[in-house]
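Here's the structure, in structure tokens; my notes come after.
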Amino acid sequence: MTGTVENTRVPAVAPEGTPVTGAVVAAARRAALPAYVYDLGHLDRHLAAVKTAFGTASTGTPVELLYAVKANPDPGMLATIAGHVHGLEVASGGELAHVRTHLPGVPVAFGGPAKTDSELRAALSAEVGRYHVESLHELRRLDALARRAGRVAEVLLRVNIPAAVPGDAALTMGGMPSPFGMDPAEAEAAARERDHLTGVRVLGIHAHLASGLDATAAAVVAETVLAWAAGFTRRHGLRLREVNVGGGMGVDYRRPGPLFDWPAYARRLARAATGLSCRVRIEPGRSLSAYSGWYATRVLELKRSHGARFAICDGGTHHLRTPAAKGHDQPLAVLPGPEWTTGSAEPGPRQDATGEPVTFVGRLCTPKDVLARDVRLPRLAAGDVVLFAMAGAYAYNISHHDFLMHPEPAVVHVTGRDEP
Ligand SMILES: *Cc1c(COP(=O)(O)O)cnc(C)c1O
């Protein structure tokens, strides 16, 4: 599982470690740009490797993998992911309807910080298998709605559990003020009230305490959550049937090569789950889908401004808000345009930059429309295709599409096989 350039014969100019597949390059050359290109073959192999890590580490306690749909709800991506995961975690009535439309048979867990009555009713009639309940108030409302519908909703209590990760600077995550989940004391109150709540069955605990964790930090969080859940159910004489330790497995946009260490995480999770005899679930989003999406566009203008170089691309952060939202430079690769080999068809001198740092921006009328700063490439020319990598998660679906009313990007699915 590496995220490096998969096909060295591809004539893409990519800073080391930027993942580009041959199928994506071929699609970017053919497609109308800007376009999102999703390599479902790449995604399929990545998910298979993640699954293998858990299969190999298993000690008898099953770890079930859910995918957090909010990372990327693209139907093609979802269909590929669904082939590998136990189910999908949705965080709204909209995501629930979307999943039921495109993948009607896939098990669904319903999370999200404040669910409306109509969303809960829709979930009950869609026979959602699991509810991640975020407050005692929500538990009582779900109970009432479920009883009225003649159902029993299976529930995990989402708890804001204090967890400290040891390290150079001990990092505290969870246990801090947050609109997500309930405080431990509220979970205790919910457990005491459960005999009156015949419309819900509490199976265990859910926690999603942080994101961007490396494997060690994620394992420490999972161990803390599992231990807390075991203590909680013991105190209340409940049988612990399930714990969901959340997502948040890190993706390092500054170093596209190294991936989250799934085998190490899986081993520690399996060890922590041994002896609990309950189902353990995780629900990553970003770390599953990020690496299999590319945002492909073209350099329209290569400008010099007061000594700096700017490549103004078609599209921008209204299609790919990830770098602006997270404050990083989106990793990129460049496919030379035809001018490099056949000479410019444009009148006048061709705009190009050789070896200078170039800042890639979009064409929105705001200085915040920056995709990557000071990128050094051997050469860049107007007309070149730029492939922004790691654009498969929290990318198009978190972007402010309507700002300036530019056209939407195309969406292209490719199924690249392993290159020989
Ligand atoms: C967003 C979210 C996830 C997925 O987080 P990633 O960082 O994408 O892995 C999982 N569970 C909950 C409750 C979330 O809000």
Side-chain angles (χ1 to χ4, degrees), residues 1-52 72 74-81 83-84 251-253 255-259 287-299 311 313-315 319-320 322 329-342 360 371-372 375-381 383-393 395-396 409-420:
M1 271 199 296
T2 62
T4 51
V5 176
E6 291 197 350
N7 180 352
T8 49
R9 288 170 297 146
V10 169
V13 183
E16 179 129 22
T18 303
V20 185
T21 67
V24 168
V25 168
R29 290 208 186 281
R30 277 195 316 268
L33 303 182
Y36 268 89
V37 184
Y38 295 126
D39 187 336
L40 302 182
H42 182 275
L43 182 64
D44 195 54
R45 295 192 293 279
H46 178 55
L47 268 286
V50 171
K51 279 295 295 271
T52 300
N72 188 338
D74 173 79
M77 295 281 275
L78 286 184
T80 300
I81 291 167
H84 294 280
V251 165
D252 189 346
Y253 292 88
R255 293 190 312 146
L259 305 188
S287 54
L288 298 185
S289 65
Y291 297 95
S292 302
W294 285 261
Y295 174 57
T297 184
R298 204 177 287 283
V299 177
C313 301
D314 201 354
H319 294 166
L320 177 65
T322 324
D329 298 315
Q330 198 71 22
L332 62 86
V334 171
L335 304 180
E339 296 93 329
W340 280 22
T341 49
T342 62
F360 287 78
L371 297 162
V375 182
R376 279 185 192 277
L377 294 158
R379 204 171 162 199
L380 182 71
D384 287 353
V385 171
V386 190
L387 291 166
F388 290 95
M390 301 169 82
Y396 183 61
V411 178
V412 179
H413 297 98
V414 298
T415 49
R417 311 251 171 266
D418 273 323
E419 301 287 337

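The chain is numbered in sequence order, starting from 1. Keep in mind that what you see is a predicted model, and the values were worked out from it rather than measured.
The CD1 atom of I81 sits 8.0 Å away from atom OG of S292, with the distance rounded to the nearest 0.5 Å. A distance of 13.0 Å separates NE2 of H46 from OG1 of T80, quoted to the nearest 0.5 Å. Atom CG of L320 sits about 11.5 Å away from atom CE of M390, to the nearest 0.5 Å. Note that CG of L40 is 10.5 Å distant from CZ of R45, once rounded to the nearest 0.5 Å. Between atom OG of residue S287 and atom CG of residue D252 there is a gap of 13.0 Å, rounded to the nearest 0.5 Å.
The shortest side-chain heavy-atom distance between T415 and D44 does not fall under the 4.5 Å cut-off. When side chains are defined from C-beta on, R298 does not count as touching V386, because their heavy atoms never get closer than 4.5 Å. Residues V411 and Y396 fail the side-chain proximity criterion, which asks for heavy atoms closer than 4.5 Å. Between V385 and R29, every side-chain heavy-atom pair lies at or beyond the 4.5 Å cut-off. Side-chain contact check for L335 versus L387: some heavy-atom pair is nearer than 4.5 Å. At least one side-chain heavy atom of L380 sits under 4.5 Å from a side-chain heavy atom of F360. V24 has its side chain out of reach of H42: every pair of non-hydrogen atoms, C-beta onward, lies at least 4.5 Å apart.
With sequence neighbours excluded, the residues that form a side chain to side chain donor-acceptor pair (under 3.5 Å) with D314 are R363. Scored by the salt bridge (charged side-chain N to carboxylate O under 4.0 Å, His left out) test, R30 finds no partners at all (sequence neighbours excluded). Taking Y36 as the reference, nothing meets the side chain to side chain donor-acceptor pair (under 3.5 Å) condition, with sequence neighbours excluded.
A35 and V412 get closest at one heavy-atom pair: CB-CG2, 4.4 Å.
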Trace of the side chain to side chain contact (heavy atoms under 4.5 Å, CB included) decision for V20 with V25: CA-CA 7 Å; V20 185; V25 168; 3.3 Å; yes
